[in-house]
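Pasting in a structure now, in structure tokens, and then I'll have a few things to ask.
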Amino acid sequence: MAGKWVLITGASQGIGYELTRLFAQDGYDLVLVARDRERLAQVSDELKTRHRVNVKVLAKDLAVPGASREIFEDLSREQVPVSILVNNAGFGFQGPFVAHELQRELDLIQVNVTALVELSRLFLPPMLARREGRILNVASTAAFQPGPFMALYYASKAFVYSFSCALAEEVSGSGVTVTALCPGLTRSQFHARAGLKRPGGILMMEADKVARIGYRALMRGKPIVIAGVLNKLASAGAKAAPTRLAARVARKFNEP
Ligand SMILES: NC(=O)c1ccc[n+]([C@@H]2O[C@H](COP(=O)([O-])OP(=O)(O)OC[C@H]3O[C@@H](n4cnc5c(N)ncnc54)[C@H](OP(=O)(O)O)[C@@H]3O)[C@@H](O)[C@H]2O)c1
């Protein structure tokens, strides 16, 4: 896969970091995006040493409007053709909608939704022109019901899921595929950063396992993959339940 470049956002840790290892094992060259430049440099060194792949680091804050365009322009200038785009960066936070700073809420939409749309819109046309490419968008099982006390996060993932499924259908037969990965509870920094009590229980999955499930589905061109049997069952229940009931159940999990 030498010469095939993968652009991955949120590559510094968690599911994104585990995905970078899978791509590097298969010989893909990588562009790593996240805010933490030092951590990205560590990941880059690890991938180059272990797997002898080319790695570029772009330390960017996707909450800053214009960051996605800068990424596209940097890579266009350096003539790096992106064969696979992984929109993985994302965050959430817990609490009543009105309790948070409006700017923090707008940042969530910018990172989880707007940057994902911008990167897809910028990198998809060259893929379609080459009749070759793949996009992996990391949604969540949160996509399948409203999430009181994490309302914006759940809504952002419902957007990612719906947008990705629609796009997958639009581009079918073009040589380009779009995959929505829906993890459930996954061990990473996500919960601590969201201000959530570290959840445990049988639904919790390891980030490397979730990454492997997403990677396999991406390579097979599957439009949707829910990580793990229990998450598949829980998601089927959430989809089948009346919306108000599903929201009440989610409230039980999220209410501080
Ligand atoms: N963990 C779960 O239970 C779970 C469940 C379902 C879905 N997900 C989704 O899975 C994806 C990965 O989450 P994770 O669990 O791996 O969380 P994580 O360990 O917190 O990793 C999040 C990644 O996103 C990057 N990121 C966050 N804000 C950013 C910003 N403003 N600009 C650029 N990069 C940013 C982080 O790097 P920097 O901090 O260095 O910027 C980090 O690399 C997210 O989309 C999340 O919503 C997670």
Side-chain angles (χ1 to χ4, degrees), residues 7-21 30-44 57-68 70-71 86-94 103-116 118-119 136-145 147 150 152-161 163-164 179-201 203-211 213-215 225-228 230-231 234-235 238 250 253-254:
L7 166 61
I8 174 159
T9 68
S12 58
Q13 56 185 7
I15 298 168
Y17 165 67
E18 296 296 341
L19 281 165
T20 66
R21 301 178 63 195
L30 285 145
V31 183
L32 312 178
V33 175
R35 289 165 302 180
D36 185 340
R37 188 184 295 275
E38 252 177 56
R39 173 67 192 141
L40 285 178
Q42 281 172 9
V43 176
S44 166
V57 162
L58 293 179
K60 301 276 182 195
D61 183 350
L62 293 172
V64 175
S68 302
E70 280 175 21
I71 292 169
V86 181
N87 285 305
N88 162 76
F91 71 100
F93 43 78
Q94 184 195 33
Q103 189 54 52
R104 193 163 175 229
E105 299 179 325
L106 296 177
D107 287 351
L108 185 152
I109 297 170
Q110 185 75 30
V111 175
N112 294 14
V113 175
T114 309
L116 178 145
E118 285 183 312
L119 290 171
L136 179 66
N137 288 335
V138 181
S140 168
T141 52
F144 305 125
Q145 67 272 292
M150 282 189 85
L152 269 184
Y153 177 73
Y154 278 54
S156 74
K157 293 302 178 178
F159 178 97
V160 172
Y161 177 74
F163 173 67
S164 306
T179 301
L181 166 63
C182 301
L185 287 177
T186 306
R187 208 178 307 280
S188 73
Q189 290 306 306
F190 177 88
H191 302 100
R193 287 178 156 195
L196 291 158
K197 192 162 64 77
R198 200 180 174 99
L203 283 177
M204 180 63 84
M205 290 178 69
E206 298 303 322
D208 60 341
K209 179 147 194 223
V210 172
I213 291 169
Y215 189 81
V225 63
I226 297 173
L230 293 178
N231 285 324
S235 300
F253 282 98
N254 298 332

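As the structure lists them, so they are numbered: ligands from 1, and atoms in each ligand from 1.
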Against ligand 1, does R187 come closer than 4.0 Å with any heavy atom?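 Heavy atoms of R187 never come under 4.0 Å of ligand 1.
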Which atoms form the tightest heavy-atom contact between A227 and N231, and what is the distance?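 A227 and N231 have their closest heavy atoms at O-ND2, 2.7 Å.
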Could you tell me, atom by atom, which parts of ligand 1 come under 4.0 Å of a heavy atom of L62?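 Answer for ligand 1: 30 (C), 31 (N), 32 (N), 33 (C).
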Name the residue from V86, L119, L7, N87 that meets the side chain to side chain contact (heavy atoms under 4.5 Å, CB included) definition with V33.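 Among V86, L119, L7, N87, the one that satisfies the side chain to side chain contact (heavy atoms under 4.5 Å, CB included) with V33 is L7.
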Taking 4.0 angstrom as the limit and counting only heavy atoms of R193, give me the atoms of ligand 1 inside it, by number and element.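 Counting atoms of ligand 1 from 1, those under 4.0 Å from R193 are 20 (O), 36 (C), 39 (O).
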Report the relative orientation of the aromatic rings in F163 and F159; use parallel for angles under 30°, tilted for 30 to 60°, perpendicular for over 60°.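 Answer is parallel, since the angle falls under 30°.
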To which protein heavy atom is atom 42 (C) of ligand 1 closest, and what is the distance rounded to 0.1 Å?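 Sorting protein heavy atoms by distance from atom 42 (C) of ligand 1 puts S12 OG, 3.5 Å first.
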Heavy atoms only: which of S188, S140, G184, G10 lies closest to atom 4 (C) of ligand 1?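 Among S188, S140, G184, G10, the closest heavy atom to atom 4 (C) of ligand 1 belongs to G184.
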Give the residue and atom name of whichever protein heavy atom lies nearest to atom 8 (N) of ligand 1, and the separation in Å to one decimal.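 Here the nearest protein heavy atom works out to Y153 OH, 3.6 Å.
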Interfacing atoms of ligand 1 (cut-off 4.0 Å, heavy-atom, A63):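 Result: 31 (N).
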Identify the protein heavy atom lying closest to atom 10 (O) of ligand 1, giving its residue, its atom name and the separation to 0.1 Å.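 I find the closest protein heavy atom is V138 CG1, 3.4 Å.
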Closer than 3.5 angstrom, by distance alone: can the side chain of Q13 be matched with the main-chain N or O of S188 as a donor-acceptor pair?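 No: the side chain of Q13 does not pair with the backbone of S188.
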Might you point out which heavy atoms bring A139 and P183 nearest each other, and give the distance in Å?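 Answer, listing the atom of A139 first, then P183: O-CD, 3.5 Å.
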Atoms in ligand 1 flagged as close to A11, the criterion being non-hydrogen separation under 4.0 Å: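 Taking each heavy atom of A11 in turn, ligand 1 has 43 (O) under 4.0 Å.
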From I15, T141, L32 - option closest to atom 16 (O) of ligand 1 by heavy atom: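 Closest candidate by heavy-atom distance is I15.
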Inter-residue atom distance S44.OG - R37.CZ, 0.5 Å rounding: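 Spacing of OG (S44) from CZ (R37) equals 12.0 Å.
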To the nearest 0.1 Å, how far is atom 1 (N) of ligand 1 from its closest protein heavy atom, and which atom is that?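 Residue, atom and distance for the closest contact: T186 O, 3.0 Å.
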Compute the minimum heavy-atom distance from A139 to ligand 1 and say whether it is under 4.0 Å.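 Per 4.0 Å heavy-atom rule, A139 contacts ligand 1.
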Quick check: do R21 and D208 have side-chain heavy atoms less than 4.5 Å from each other?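 Contact flag for R21/D208 side chains = no.
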Side chain to side chain, V64 and E70, heavy atoms closer than 4.5 Å: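 Of all side-chain heavy-atom pairs linking E70 with V64, none is under 4.5 Å.
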Which atoms of ligand 1 are found less than 4.0 Å from any heavy atom of Q189?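 Those of ligand 1 that fall under 4.0 Å from Q189 are 19 (O), 20 (O).
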pair M150-L196: side-chain heavy atoms closer than 4.5 Å: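 Side-chain contact under 4.5 Å: yes.
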Would a distance-only check, ignoring hydrogens and angles, find a side-chain to backbone donor-acceptor pair under 3.5 Å from T9 to N88?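 Yes, because the side chain of T9 sits within donor-acceptor range (under 3.5 Å) of the backbone of N88.
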With a 4.0 Å cut-off on heavy atoms, is Q110 touching ligand 1?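 No heavy atom of Q110 comes that close to ligand 1.
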Within-cut-off N or O pair, G16 and ligand 1, under 3.5 Å: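 No, no N or O pair falls under 3.5 Å.
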For residues L62 and Q110, report the shortest heavy-atom separation together with the two atoms involved.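 Smallest interatomic distance, heavy atoms only, reads O-CG, 3.4 Å.
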Only heavy atoms of D36, strictly under 4.0 Å: list the atoms of ligand 1 that pass.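 Under 4.0 Å from D36, ligand 1 has these atoms: 40 (O).
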Which protein non-hydrogen atom lies closest to atom 33 (C) of ligand 1, naming both residue and atom, and how far is it?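 The closest one turns out to be K60 O, 3.4 Å.
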I need the nearest protein heavy-atom contact for atom 21 (O) of ligand 1: residue, atom name and distance, please.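 Checking every protein heavy atom, the shortest distance to atom 21 (O) of ligand 1 gives Q13 CG, 3.8 Å.
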Protein heavy-atom partner closest to atom 11 (C) of ligand 1 - residue, atom, separation in Å: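 Of the protein heavy atoms, N88 O, 3.1 Å lies nearest.
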Show me which atoms of ligand 1 lie under 4.0 Å from any heavy atom of L185.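 Selected atoms, number and element: 3 (O).
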Which residue holds the protein heavy atom closest to atom 31 (N) of ligand 1, what is that atom called, and what is the gap in Å?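 Heavy-atom neighbour on the protein nearest atom 31 (N) of ligand 1: D61 OD1, 2.8 Å.
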Over all heavy atoms of both residues, which pair between F144 and C182 is shortest? Give the atoms and the distance, please.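 In terms of heavy atoms, the two residues are closest at CZ-SG, 3.9 Å.
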Just to be sure I read this right, does ligand 1 sit under 4.0 Å from the backbone of A207, its side chain, both, or neither, counting only heavy atoms?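 Looking at A207 and ligand 1, no heavy atom falls under 4.0 Å.
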Any side-chain heavy atom of F190 sitting closer than 4.5 Å to one from I15?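 Side chain of F190 against side chain of I15, heavy atoms only: no contact under 4.5 Å found.
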Would a distance-only check, ignoring hydrogens and angles, find a side-chain to backbone donor-acceptor pair under 3.5 Å from N137 to V160?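 No.
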Which ligand 1 atoms are under 4.0 Å away from a heavy-atom of V111?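 Every atom of ligand 1 under 4.0 Å from some heavy atom of V111: 31 (N).
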Is H191 touching ligand 1 with its side chain, its backbone, both, or neither, if touching means heavy atoms under 4.0 Å apart?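 Side chain only.
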